[in-house]
Amino acid sequence: MYNTQTEKTRTIVATAFFAAVIYLGIQSFRIPLPAAVGTPFLHLGHIFVMLSIVCLGGKRATVSAIIGLVIFDIVNGYIHAIPNVVVSTIIKCLLVGYVFSTMKKHANNDPKKELSIAVLCAALYGFTNIFVDFIWNVIQLVILGSTLQAAFIAELSSIPATIINAVFTVIGTALLYLPVTSAYKKIISNKRA
């Protein structure tokens, strides 16, 4: 019989593992992107958040993503970005996790169908990221004293950087989904009686 304590331990370890990978994905690979608002950069973090969603599910992925992203923000002086990171991560992970788990039920364990669903969900993740960041940054600029029109224009000029990250997330998810989920399933199913 499988030990419940062992299962809890595996859950904690998997969540911590993805938090570490998300952090390292941003910390070790960053290419600055031009933008009028903020200091965006191309990174692997969103890809690993997506992979945590498909492996862990939306709720656990939310925890791992928030831990990894917030640690990155603290270490690199982006403390001001933490509220946006937390709110947008909760929205993205729970929404995409729900959509992925719902659609995956109709894939009948077909890896190609699951891959297609994961890529579609990565696009949803990217779109959600663009939308939430846009709204957040417009509101932030208005609160800081900008007019709504100026904030809107400034944020529109910053969208290309977010779109580049969204496309990168879709491509990365498409390339890594099958090997990562296959390895994850082998590790998780390696249960001892």
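Just the heavy atoms: all of them, side chains too, but no hydrogens, waters or symmetry mates, feed the values below. Heads up: numbering here begins at 1 and tracks the sequence.
At least one donor-acceptor pair under 3.5 Å links the side chain of T9 to the backbone N or O of Q5. No donor-acceptor pair under 3.5 Å is formed between the side chain of N108 and the backbone N or O of D110. Formation of a donor-acceptor pair under 3.5 Å by the S52 side chain with backbone atoms of V49 is found in this model.
In this pair, Y78 and H80 present their aromatic rings tilted. The plane angle is within the 30 to 60° band.
Between I82 and I74, some side-chain heavy-atom pair lies under the 4.5 Å cut-off. For the pair N76/R30, a side-chain contact is recorded, criterion being any heavy-atom separation below 4.5 Å from C-beta on. A 4.5 Å side-chain heavy-atom check between V85 and I66 finds every atom pair outside the cut-off. Inter-residue side-chain proximity for N137 and S158 is flagged as unmet; no heavy-atom pair is nearer than 4.5 Å. At a threshold of 4.5 Å between non-hydrogen side-chain atoms, the residues Y23 and V75 count as touching.
A 6.0 Å sphere centred on OH of Y98 holds no more than 12 heavy atoms belonging to other residues, nucleotides or ligands. Annotation for F41: atom CZ counts as buried by contact number, over 12 foreign heavy atoms lying within 6.0 Å. For F168, the CZ atom is densely surrounded, since the number of other residues' heavy atoms within 6.0 Å is greater than 12.
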Candidate pair V54 and T173, rule side chain to side chain contact (heavy atoms under 4.5 Å, CB included), full reasoning: CA-CA 10 Å; V54 299; T173 301; 5.8 Å; no
Evaluate the criterion side chain to side chain contact (heavy atoms under 4.5 Å, CB included) for residue pair Y184 and F17; output intermediate values, then yes/no. CA-CA 11 Å; Y184 181 76; F17 171 79; over 6 Å; no
Checking side chain to side chain contact (heavy atoms under 4.5 Å, CB included) for the pair D73/I79: CA distance, chi angles, key distance, verdict? CA-CA 6 Å; D73 286 341; I79 294 172; 5.9 Å; no
Before giving the answer on salt bridge (charged side-chain N to carboxylate O under 4.0 Å, His left out), spell out for K185 and E114 the whole-Å C-alpha distance, their side-chain angles and the decisive distance to 0.1 Å. CA-CA 14 Å; K185 287 175 188 173; E114 288 182 12; 3.7 Å; yes
Could you walk me through whether N84 and Q140 pass the side-chain hydrogen bond (donor to acceptor under 3.5 Å, both in side chains) check? CA-CA 10 Å; N84 178 0; Q140 183 176 356; 5.5 Å; no
Decide ring pair (Phe, Tyr, Trp, His ring centres under 6.0 Å) for F152 and F134; before the verdict, give the C-alpha distance in whole Å, the side-chain angles of both, and the deciding distance to 0.1 Å. CA-CA 8 Å; F152 190 79; F134 181 84; 5.3 Å; yes
Pair L176, L51 - check side chain to side chain contact (heavy atoms under 4.5 Å, CB included), show working. CA-CA 8 Å; L176 295 175; L51 293 171; 3.9 Å; yes
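Checked against side-chain hydrogen bond (donor to acceptor under 3.5 Å, both in side chains), N165 has no partners two or more places apart in sequence or in another chain. The side-chain contact (heavy atoms from CB on, under 4.5 Å) test applied to I31 returns F29, L42, not counting sequence neighbours.
Here the closest heavy-atom approach between residue A118 and residue Y177 is recorded as CB-CD1, 3.5 Å. Between A154 and L141, the shortest heavy-atom contact is CB-CD1, 4.0 Å. In plain terms, the two heavy atoms of A61 and L56 that are nearest each other are N-CB, 4.1 Å. In this structure, I53 and C93 approach most closely via the heavy-atom pair CD1-CA, 3.8 Å. Across T11 and T15, no two heavy atoms sit closer than the pair O-OG1, 2.8 Å. Closest of all the heavy-atom pairs between S88 and V132 is CB-CG1, 3.5 Å.
In the hydrophobic clustering of this structure, L120 groups with V180; members are Ile, Leu, Val, Met, Phe, Trp, Tyr whose side-chain heavy atoms approach within less than 4.5 Å, directly or through other members. Cluster annotation: I67 and F72 are assigned to the same hydrophobic cluster (Ile/Leu/Val/Met/Phe/Trp/Tyr, side-chain heavy-atom contacts under 4.5 Å, transitive).
Screening residues 119-129 for side chain to side chain donor-acceptor pair (under 3.5 Å) gives H46-Y125, K92-N129 as the qualifying pairs, with residues at least two apart or on separate chains.
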